[in-house]
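In the text below, chain A, chain B and the rest are named by the order of the sequence lines, each starting its count at 1.
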Amino acid sequence: MSEVDRESDVAAHRRRKLAARRELGDAYPNAFRREDTAADLHARHGDAAKDALEAASVRAVVAGRIMLRRVMGKASFLTLEDPSGRIQCYLRRNEVGAETYEEFKDLWDIGDIVGVEGALMKTNRGELTVQASAVHLLAKSLKPLPEKYHGLVDQETRYRQRYLDLMVNEESREVFRVRARLTASMRRFFDERGYLEVETPMMHPIPGGATARPFVTHHNSLGVDLYLRVAPELYLKRLVIGGFERVYEINRCFRNEGLSPRHNPEFTTVEFYQAFADYRDLMDLTEELLGSLLDEIAGGRVLRFGDDDLDFRQFARRTMSEAVGEATGKTPSEVADPEALAALARGLNIAVEPHWQWGRLLTEVFEARVEESLVQPTFITQYPAEVSPLARRSAADPRLTDRFELFVAGREVANGFSELNDPDEQAERFRAQAALKSRGDLEAMHFDQDFLTALEYGMPPTAGEGIGVDRLAMLLTNRTTIRDVVLFPQMRPAGSEEAT
RNA sequence: GGGUCGUUAGCUCAGUCGGUAGAGCAGCGGGCUUUUAACCCGUUGGUCCUGGGUUCGAGCCCCAGACGGCCCA
């Protein structure tokens, strides 16, 4: 590349400026200390009158990234951004000195990290401003920032280079602040109720706790394959058996499935278990939890999401059979009939497999016809045992379990049930799953003898639940794509990238 | 996996009928001591995603592929 081409490149200009800065001394000093944040200065002095503020000669020491630059002959304005917000700085040649002012004009760019100290003033237009007496270039930015008005719009770049998105898009920063408040608020909720926060293994010798395809990895010195967990359930139950009767875990699960606006291969759940409780207690607890989260984060229990006002003041409760009957116009006896359900399923273009029994058919029809229509918070209860290998059977009907899922805005948000604590029946259910697996069902569960051994020591009557944290974050931030609420979403590798 | 839309300057985007690529911002040079998406004058910058094909001629049409968005499975 010729010298002329390099000269025309933005990055080359900035490298030249960095080189010039190095000549003048340490180009990446770490001695400057911020004393004031933008938001704090605005809060304390934003309302002050111009004359009074300037008479008081309030000293301020700020630091941040240059977002805007307005250079005039002998005086300039900078818009500095720190984590709290923006503050304007005013540099006058007379005040900072000719040499410094020229250095600023020649070597500083939008994107640089700088420190400014000086007295607070108000401009004629009333904007609070730090009138610089001294300025410091703290870190040179060698890459041009996205356009200052439109910001960064390209979704691919926003996900692949999240730091750029965060740098220039305040809405994006706010999403992740809300997400952090969400998990903090959850922890408070469970801590206050005597739940112990625990961390269980991410690498499982036998994947379990959900019907899903796992990622496989390998432990070299043990010489065994391990699976990234699809759910923490079986370990949390071991803790209940051990005597930690209330536990919760907020962490990642991994499922080896496709990428979509609703699925990231790694995602976050909160799972919690409570001895001497059943699924009804957990539905009540879930209403309480979501209500308190909304109070704290959204400031009320009605949440605007897309075109809907989601009302969390009351949650509907309906059995899966009822919901399917309503959606399809079938009578209870038709919904209870496997043949009728199979016909219904075929009519919905579902690839019905011969070994599916009533429970699986009902669930498939439910997913195809009902799920999406559950906009307002709705608990669907009485899931079939066939699709609930870890849940306790209903006393009233052995085909069903004491299980629920919560749906909001057409999405599954929570899944909970009274736990199956009979080791012999659990062994039976594992055998049924293993049979599915040998038929080629990659999502079916493994037979987990180690977990059965734990159950044989006796698990108290228990209920447990998992809630999708990403999905809650989507609801609270009005996003329809999980990638908008995951800091670094999984992307297909971009191929050979820039070498410089 | 299928369908569909998109990919043009660092960023945000135009690009007519197929006739050889533009704007704003950023950058560079100059001017300007209360600007604020500063402004004024001048100006550099392109693998039009990649590879084929059709054509006298392709950013534009056709085929294949890559990556992304959305929908479906």
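- A gap of 46 Å separates the P atoms of B:C63 and B:A38, to the nearest Å.
- Here the separation of B:G24 from B:U43, taken at their P atoms, is 12 Å to the nearest Å.
- Scored by the side chain to side chain donor-acceptor pair (under 3.5 Å) test, A:R213 finds no partners at all (sequence neighbours excluded).
- Comparing atom distances between the A:R70 side chain and each of B:C25, B:U33, B:U35 picks out B:U35 as nearest.
- Across all strands, A:V168 comes closer than 4.0 Å to no nucleic acid atom at all (heavy-atom distances).
- One finds a side-chain N or O of A:K148 lying less than 4.0 angstrom from the OP1 or OP2 phosphate oxygen of B:A38.
- Taking the P atoms as reference points, B:G18 lies 29 Å from B:C11, given to the whole Å.
- With B:A26, B:U35, B:U34 as the choices, the nucleotide that has an atom nearest any side-chain atom of A:R125 turns out to be B:U35.
- Ranking B:C32, B:G27, B:A26 by closeness to the A:M72 side chain, first place goes to B:C32.
- In this structure A:F104 satisfies the ring-ring contact (aromatic ring centres under 6.0 Å, His included) test together with A:Y101, A:W108, sequence neighbours excluded.
- Of the options A:E35, A:H136, A:R34, a side chain to side chain contact (heavy atoms under 4.5 Å, CB included) to A:E117 is made by A:H136 and by none of the others.
- Following rounding to the nearest Å, A:E353 (CD) and B:A73 (P) show an atom-to-atom distance of 16 Å.
- Residue contacts shown for A:R158 are absent, as no nucleic acid heavy atom lies under 4.0 Å away.
- Looking at A:R181 and A:E174, a side-chain N of the basic residue comes within less than 4.0 Å of a carboxylate O on the acidic one, giving a salt bridge.
- The P atoms of B:C60 and B:A21 are separated by 14 Å, rounded to the nearest whole Å.
- Phosphate contact (OP1/OP2 of B:G68, side-chain N/O of A:R160, threshold under 4.0 Å): present.
- Across all strands, A:D154 comes closer than 4.0 Å only to sugar-phosphate atoms, never to a base (heavy-atom distances).
- Using atom C1' as the reference point in both B:C39 and B:C25, the two lie 14 Å apart (nearest Å).
- Side chain of A:H13, nearest nucleotide from B:C70, B:G69, B:G27: B:G27.
- Set against B:C28, B:C32, B:U36, the side chain of A:K17 has B:C28 as its closest nucleotide.
- You'll find that the side chain of A:D109 is closest to B:C28, out of B:C28, B:A38, B:U33.
- For A:F77 and A:K105, each mapped to the nucleotide of RNA chain B holding its nearest heavy atom, the one lying further toward the 5' end belongs to A:K105.
- Side-chain atoms of A:E156 lie closest to B:C67 of the nucleotides B:U35, B:C28, B:C67.
- Remark on RNA chain B: of its neighbouring residues A:Y149 and A:P261, the 5'-side contact belongs to A:Y149, judged by nearest-heavy-atom nucleotide.
- Picking from B:C32, B:G69, B:G27 the nucleotide with the shortest atom distance to the side chain of A:R69 gives B:G27.
- Within 4.0 Å (heavy atoms only), A:L152 reaches sugar-phosphate atoms of the nucleic acid but no base atom.
- Separation of the C1' atoms belonging to B:A58 and B:G15 is 14 Å when rounded to the nearest angstrom.
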